Undergrad: 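Following this message is one structure expressed as structure tokens.
Within every chain, numbering begins at 1; the chains are lettered A, B, ... in the order of the sequence lines, protein sequences first and strands thereafter. Because the structure is predicted, anything quoted here is derived from the model rather than measured. FYI, side chains are in, hydrogens and waters are out, and symmetry mates aren't considered; it's all heavy atoms of this structure.
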There are 2 protein chains.
Amino acid sequence: MGFPTEILKKRMDFFKEQLRNSGVKLTHQRMEIFREVAMSEEHPDAEKIYRRVRKRLPSISLDTVYRTLWSLLDLGLISTLGPPRKTVRFDANMDSHHHYVCTKCGMTRDFYSKKLDRLRIRESESILETVQRTQVEVKGICVRCSRKMQLKNRFSREEK
Amino acid sequence: MGFPTEILKKRMDFFKEQLRNSGVKLTHQRMEIFREVAMSEEHPDAEKIYRRVRKRLPSISLDTVYRTLWSLLDLGLISTLGPPRKTVRFDANMDSHHHYVCTKCGMTRDFYSKKLDRLRIRESESILETVQRTQVEVKGICVRCSRKMQLKNRFSREEK
DNA sequence: TTTGGTGCAAACCGTTTGCATCGCT
DNA sequence: AGCGATGCAAACGGTTTGCACCAAA
């Protein structure tokens, strides 16, 4: 195995370009951290990325990894899995349903759709042994966060 | 507003039955904690559940809330949002893709589907202001966890 | 009465922050 | 030289655990 070279190259080029455009410095650390995420198949967490990057940059620290990942997120170069949450959230609705999710604040609301319930995905490629359920996540920015961001933008425009 | 009475009743009845069947004691605390999750529209976290339950049971402690929630999860009475994770996980694949997710260990793998990409959900009921993307999560038990559980079951059978 | 359930406090661990230093541009 | 980026260590906050007490069957 090994990660497809062209895809990795494409991602690295985009990464460099985005950093340049946004005035964020291109450092070793950022480069290696992004490379690690970009060539991973398994959506690693910060600790795992840290351990791997440290093989090439032994003096890097975990908090640089965190800071870098959050910047990359702001720049739209990576995303996080699921809603952003530092807390586990619970759901007592065991009927088949789907979710609207705000990627900013994590707000989540159920919705129902007979059509979506009928979704059947092709065989799970022997990754999952048994499938429990198939759920659609519609991700976006909720009304409240949207308003907040507009306000913020207005202020920062006025500051200039 | 207010939560539909029939649905809540149905959930409470199922809850009591499941506790009875599994030999887990039905205590005030468990009752109030489950009720709180069952009648919530917003997928609260442990802290929020704790604050609400405390209004009725002022002496309850946060760790009882946690312990209860994990038991309810084991009993299949509630679920958690997204893969169970104590760490944030990152994804540098910004192309449209979907996920296989193991609900036990959180293992997540990408898959692609032109057909699913074409999914268009009906208007988001003014909950989301703007939709960024629609992603399908196929949830189940991965091969590795499945094997582990089989082993465990075999042992516990032998213990008797 | 017995045993699982609960409350308390302390431990744990992932993540964040303040600050002094480093090293690109 | 200047200033953003980094490393270190300490703080933070959500979650878990050990233990003694309590209460339901």
Undergrad: Residues two or more places apart in sequence or in another chain: which of them pass side-chain contact (heavy atoms from CB on, under 4.5 Å) with B/I141?
TA: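 Per chain and number, B/I141 pairs via side-chain contact (heavy atoms from CB on, under 4.5 Å) with A/T130, A/Q132, B/T103, B/K104, B/C145, B/S146, B/M149.
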
Undergrad: A/D117: which residues meet the side-chain contact (heavy atoms from CB on, under 4.5 Å) condition with it, sequence neighbours left out?
TA: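 So A/D117 forms a side-chain contact (heavy atoms from CB on, under 4.5 Å) with A/S96, A/H98.
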
Undergrad: Any salt bridge (charged side-chain N to carboxylate O under 4.0 Å, His left out) pairs touching residues 23-32 of chain B, not counting sequence neighbours?
TA: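 Every salt bridge (charged side-chain N to carboxylate O under 4.0 Å, His left out) pair that includes a residue of residues 23-32 of chain B, provided the two are not neighbours, is B/E32-B/R35, B/E32-B/R56.
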
Undergrad: Over how many whole Å does the gap from B/R30 atom CZ to D/dC22 atom P extend?
TA: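 Taking CZ of B/R30 and P of D/dC22, I get 19 Å after rounding.
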
Undergrad: Could you tell me the separation between the OH atom of B/Y50 and the C1' atom of C/dT6, rounded to a whole number of Å?
TA: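 Rounded to whole Å, this separation is 13 Å.
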
Undergrad: Check DNA chain C against residues 52-61 of chain A and give the residues with a non-hydrogen atom under 4.0 Å, in numerical order.
TA: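 Nucleic-acid contacts, sorted: none.
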
Undergrad: Counting only heavy atoms and a strict 4.0 angstrom limit, can you tell me which residues of residues 13-23 of chain B come near DNA chain D?
TA: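 Heavy-atom cutoff 4.0 Å gives no residues at all.
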
Undergrad: Using atom types as modelled, flag every donor-acceptor pair under 3.5 Å from a side chain in residues 6-14 of chain A to any protein atom, sequence neighbours excluded.
TA:
| from | atom 1 | to | atom 2 | distance (Å) |
| --- | --- | --- | --- | --- |
| A/K9 | NZ | A/D13 | OD2 | 2.8 |
| A/R11 | NH1 | A/A38 | O | 2.8 |

Undergrad: Tell me, please, which residues at least two apart from B/E42 pass side chain to side chain donor-acceptor pair (under 3.5 Å).
TA: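 With neighbours one apart ignored, the set is B/R52.
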
Undergrad: What is the distance, to the nearest angstrom, from the CG atom on B/L69 to the C1' atom on D/dG14?
TA: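 Distance check: B/L69 CG to D/dG14 C1' gives 13 Å.
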
Undergrad: Run the side chain to side chain donor-acceptor pair (under 3.5 Å) test against A/R133 and tell me which residues pass, sequence neighbours left out.
TA: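 Partners of A/R133 under the side chain to side chain donor-acceptor pair (under 3.5 Å) test: B/S79.
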
Undergrad: Starting at CG of B/D45 and ending at P of D/dG13, how long is that distance when rounded to a whole Å?
TA: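 These atoms are roughly 14 Å apart.
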
Undergrad: Taking 4.0 Å as the cut-off, does a side-chain nitrogen or oxygen of A/Q29 come that near to OP1 or OP2 on D/dG7?
TA: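 Indeed, a polar side-chain atom of A/Q29 lies that close.
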
Undergrad: Please list, chain by chain and in numerical order, all residues satisfying side-chain contact (heavy atoms from CB on, under 4.5 Å) with B/S22, sequence neighbours excluded.
TA: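 B/V24, B/L75.
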
Undergrad: How many whole angstroms separate atom NZ of A/K48 from atom C1' of C/dC13?
TA: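 So the two atoms are 16 Å apart, to the nearest Å.
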
Undergrad: For B/S61, check side-chain contact (heavy atoms from CB on, under 4.5 Å) against everything at least two apart and list the hits.
TA: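 Here the qualifying residues are B/D63, B/T64.
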
Undergrad: Decide whether B/D110 and A/H43 meet the rule of one side-chain donor and one side-chain acceptor closer than 3.5 Å.
TA: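 Yes, a side-chain donor-acceptor pair sits under 3.5 Å.
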
Undergrad: In B/S/- notation, 5' to 3', how is nucleotides 16-25 of chain C contacted by protein heavy atoms closer than 4.0 Å?
TA: BBB-------

Undergrad: Report the residues that fulfil side chain to side chain donor-acceptor pair (under 3.5 Å) with B/S71, sequence neighbours left out, ordered by chain and then residue number.
TA: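 So B/S71 forms no side chain to side chain donor-acceptor pair (under 3.5 Å) with any residue.
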
Undergrad: A/L128 and B/K139: which non-hydrogen atoms are nearest, and at how many Å?
TA: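 Between these two residues, the closest heavy atoms are CD1-C, 4.2 Å.
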
Undergrad: Within the pair B/T27 and C/dG5, is there a side-chain N or O less than 4.0 Å away from OP1 or OP2?
TA: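 No, outside the criterion.
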
Undergrad: In whole angstroms, how far is the P atom of C/dG5 from the CG atom of B/L75?
TA: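 Rounded to the whole Å, the gap is 10 Å.
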
